[in-house]
Amino acid sequence: MNIEQQIKTAFAAVFEKHYKHHLSNEELILQQTRKEIEGDFTVNVFPFVRFAKQKPEMLAQTMGEELVKELKEVNSFNVIKGFLNLVLHNSFWLNNAKQALREESYGYKTVDTKTAPVVIEYSSPNTNKPLHLGHIRNNLLGYSIAEILKASGQNVKKVNLVNDRGIHICKSMLAWQQFGHGETPESTGEKGDHLVGKYYVQFDKEYKKEIKQLVEAGKEEKVAAKEAPIIKKAQQMLREWEAKEPQVYQLWKTMNEWVYKGFDITYKRLGVDFDKIYYESETYLLGKEIVIDGFKKGILYQKDDGSIWADLTGEGLDQKLLLRADGTSVYMTQDIGTAKLRIQDYNPSALLYVVGNEQNYHFDVLKIVLKKLGYNWAEKIHHISYGMVELPHGKMKSREGTVVDADDLIDDIVKNAAEITSKLGKIEGLSKEEADTLFNQIGLGALKFFILKVDPKKKMLFNPEESIDFNGNTGPFIQYTHARIQSVLRKSANYEFTEWNQELIINNKEKSLLKLIYNYSEIIANAAKLYSPAMVASYVYDLAKEYNQFYHDNQILKEEDRTKAAFRLDLSHITANIIQSAMLLLGIEVPNRM
RNA sequence: GGUCCAGUAGCUCAGUUGGAUAGAGCAGCAGCCUUCUAAGCUGCGGGUCACAGGUUCGAAUCCUGUCUGGAUCACCA
């Protein structure tokens, strides 16, 4: 039982003895005492005055006196208005520090790999264009959430679903066929995903041109959009693809290979990975079968043109198309198939999807359709919905060329890290290779922290200027704190120390650090519960900030009292370890020098 | 129009199930390096928590309404 629970239990027992009323664990709220006030844990007794029939101050006073007697960890207390502030013996915090020193992965729970896994899907790229800033948020969130879940003791499987088929893929294939003159990544030196993306854009251009021509010839815009020859050709190509027509299939394979090679580079730079990759081309037929089966059972219905639909009006939603009139699949169809496949593959306890909030409706529908089809496991689906990334000028729009390309962004930020780091004279004595590694760590550290520190549920503004700031609440600030500690640790070899014990007298800064150290495992648990890397980011920033203040105010190696020196060195050691481990949960590496 | 989400300092964001005087960073101003890494530390200024009601001992937090912004309601994914 942790100390919070002990206090709550003791509080309830004492309260019942005095006032003949039982307080449930839920109504008893224990919070950490705010910094300006003396104390470690605080109970607000206001909610209980009606049971005690006593003034809040009196009640708090009585409870304080009793708790000091009852619990050996509680040293003293004070009462301010209705707030009972409990002060623990310093030995409690010091003991926890000893534990943090002993435990290899302090704060983490061990994973039982025999339990049913949590399957988390993230990334889910389309193979028709390169990754952009929006994908970066997705990838960083997915990776980090998975790592946090693992640290909280869950058995996690990371999966990726590659949207490698569909009308959008045919569009870039068609454009390449018509306008590509046989270009390849090798012949142009262009990264494969960028090359394919170029043709996707070109398709859109041509399509628009044809629509415009048809409208000028007197067609309505809607009709024109349907009748434009190039879109007809793309649709024809999709049918040929589903029929595995050899030429189309070969082209599709070739172009997808180009894209995968490009993606691999970007994934590697971002440091994300997967346990399994699903390809929509391998799963969509399963979805198709399920839909046809559902139609035969009368759960779904068919329109005159042959298309198959789900009627969701009973659930307050609309009609939803599941198979087109020409028999080809839509996005929903394949998601039905992959969900079922994942259940078969893993028998998971939960199916998580890291997907943007623009698809909230899609996931509502997915769950309802699956339930209608009789799959009880639909309940296990949870959409981790995150907000869009916006730029200072507004939204990213591929058509207007305001998309921030993932590769370009990483290049820029690493370049910037190199400039600043060099200017600060931090690369003296480093080899070219070591320096490059450092630039990458700092640049990506800045980028990742900048994105992950924002609450995933909220939309975020990506200001390029702020993202390359390395001061204040940033990744490099935290990395720097870690490097600083490492420097102290390296030098400690030249000093003698005397082992400290629980009797040690500590100052305020030391105590603040001890408390933050104590909080780490609960932060991980909460971040896991809320799927929020931002909570970890916020915590590790607080920790680094607190350490820097401590570092500024106290001598460590040169402290005269060698017992205190030993303690401060240990505090530094623990802090560095937590910074490293917390940053790892965010997918950020911390250098030993910078 | 229906549904959903958001609105906190000049800007970007914290604020864990309702609790004490609403916090950081950036930007601005003023200080601190012969001493363990100054990518650091300290101080100053900056707020009608969109607005109006309600719930109660107590509301940035919960409820209702209004305003503003966004997402979505496709034979796109």
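By convention in this document, chain letters (A, B, ...) are assigned in the order of the sequence lines, proteins followed by strands, and residues within each chain are numbered from 1. Here the structure is a predicted model, which means the values were calculated and not measured.
- A:Gln32 and A:Asn519 form a side-chain donor-acceptor contact under 3.5 Å, judged by distance and modelled atom types alone.
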Protein N or O to nucleotides 10-14 of chain B N or O, pairs below 3.5 Å:
residue, atom, partner, partner atom, Å
B:C13, OP1, A:Leu461, N, 2.8
B:A14, OP1, A:Asp455, N, 2.8
B:A14, OP2, A:Lys458, NZ, 3.3

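- For A:Phe477 and B:A24, the CZ to P distance is 13 Å, given to the nearest whole Å.
- Salt-bridge check for A:Arg568 with A:Glu559: passed, with a basic side-chain N closer than 4.0 Å to an acidic carboxylate O.
- The same atom, C1', is picked in B:G23 and in B:U68; the two are 26 Å apart, to the nearest Å.
- With sequence neighbours left out, A:Phe567 forms a ring pair (Phe, Tyr, Trp, His ring centres under 6.0 Å) with A:Trp500.
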Please produce a list of atom pairs where a protein N or O lies less than 3.5 Å from an N or O of nucleotides 43-45 of chain B.
none

Sort me out a list of protein N/O and nucleotides 17-23 of chain B N/O pairs below 3.5 Å, or just none if empty.
residue, atom, partner, partner atom, Å
B:G19, N9, A:Asn44, ND2, 3.2
B:G19, N3, A:Asn44, ND2, 3.2
B:A20, OP2, A:Arg34, NH1, 3.3
B:A20, N6, A:Thr42, OG1, 3.2
B:A20, N6, A:Asn85, OD1, 3.1
B:A20, N1, A:Asn85, OD1, 3.4
B:U21, OP1, A:Lys81, NZ, 3.4

Stepwise, does the ring-ring contact (aromatic ring centres under 6.0 Å, His included) test hold for A:Phe462 with A:Phe450? CA-CA 9 Å; A:Phe462 187 88; A:Phe450 187 80; 5.4 Å; yes
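- When the side-chain contact (heavy atoms from CB on, under 4.5 Å) test is applied to A:Ser329, the partners found at least two apart in sequence or on another chain are A:Arg165, A:Glu242, A:Tyr284, A:Lys288, A:Leu323, A:Thr333.
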In the 5'-to-3' direction, what one-character label does each nucleotide of nucleotides 32-38 of chain B receive under the scheme B = base within less than 4.0 Å of a protein heavy atom, S = sugar-phosphate only, - = no such atom? ---SBBS
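- A:Ile442 comes within 4.0 angstrom of a base, heavy atoms only.
- At the phosphate of B:C73, neither OP1 nor OP2 sits under 4.0 Å from any side-chain N or O atom of A:Lys320.
- Only the C1' atoms considered, B:G19 is 23 Å distant from B:C13, to the nearest whole Å.
- Taking each heavy atom of A:Leu131 and A:Pro125 in turn, the nearest pair found is CD2-CB, 4.0 Å.
- Its glycosidic angle being more than 90° from 0, B:C73 falls on the anti side.
- Looking only at atom types and distance, the side chain of A:Gln31 has no donor-acceptor partner in the side chain of A:Asn44 under 3.5 Å away.
- Sorted by first then second residue, the side chain to side chain donor-acceptor pair (under 3.5 Å) pairs that include residues 449-466 of chain A, not counting sequence neighbours, number zero.
- Atom P of B:G15 sits at a distance of 29 Å from the matching atom of B:U3, rounded to the whole Å.
- A salt bridge does not link A:Glu220 to A:Lys222: none of the charged side-chain nitrogens sits closer than 4.0 Å to a carboxylate oxygen.
- In this structure, A:Lys303 is positioned above the aromatic face of A:Trp309, its NZ or CZ under 6.0 Å from the six-membered ring centre and within 45° of the axis.
- Partners of A:Tyr278 according to the ring pair (Phe, Tyr, Trp, His ring centres under 6.0 Å) rule, which considers only residues two or more places apart in sequence or in another chain, do not exist here.
- In this structure, the nucleotide among B:C26, B:A77, B:C41 sitting nearest to the side chain of A:Asp469 is B:C26.
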Could you pull out every donor-acceptor pair under 3.5 Å between side chains of residues 46-60 of chain A and any protein atom, sequence neighbours left out?
residue, atom, partner, partner atom, Å
A:Gln54, OE1, A:Tyr19, OH, 2.8

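- Taking A:Lys205 as the reference, nothing meets the side-chain contact (heavy atoms from CB on, under 4.5 Å) condition, with sequence neighbours excluded.
- On the C1' atoms, B:G45 is 11 Å away from B:A9, given to the nearest whole Å.
- Applying the side-chain contact (heavy atoms from CB on, under 4.5 Å) rule to A:His382 yields the partners A:Leu352, A:Ile384, A:Tyr531; only residues at least two apart in sequence or on another chain are considered.
- A donor and an acceptor atom, one from each side chain of A:Asn138 and A:Tyr386, are located under 3.5 Å apart.
- One finds no salt bridge joining A:Asp193 and A:Lys129 here, because no Lys/Arg side-chain nitrogen approaches an Asp/Glu carboxylate oxygen to under 4.0 Å.
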Treat a base pair as Watson-Crick or G-U wobble with both distances under 3.5 Å, then lay out RNA chain B in dot-bracket form, 5' to 3', with | for cross-strand pairs. (((((((..((((.....[...)))).(((((.......))))).....(((((..]....))))))))))))....
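- Residue A:Gln359 has its side chain nearest to B:A77 when only B:A39, B:A77, B:A24 are considered.
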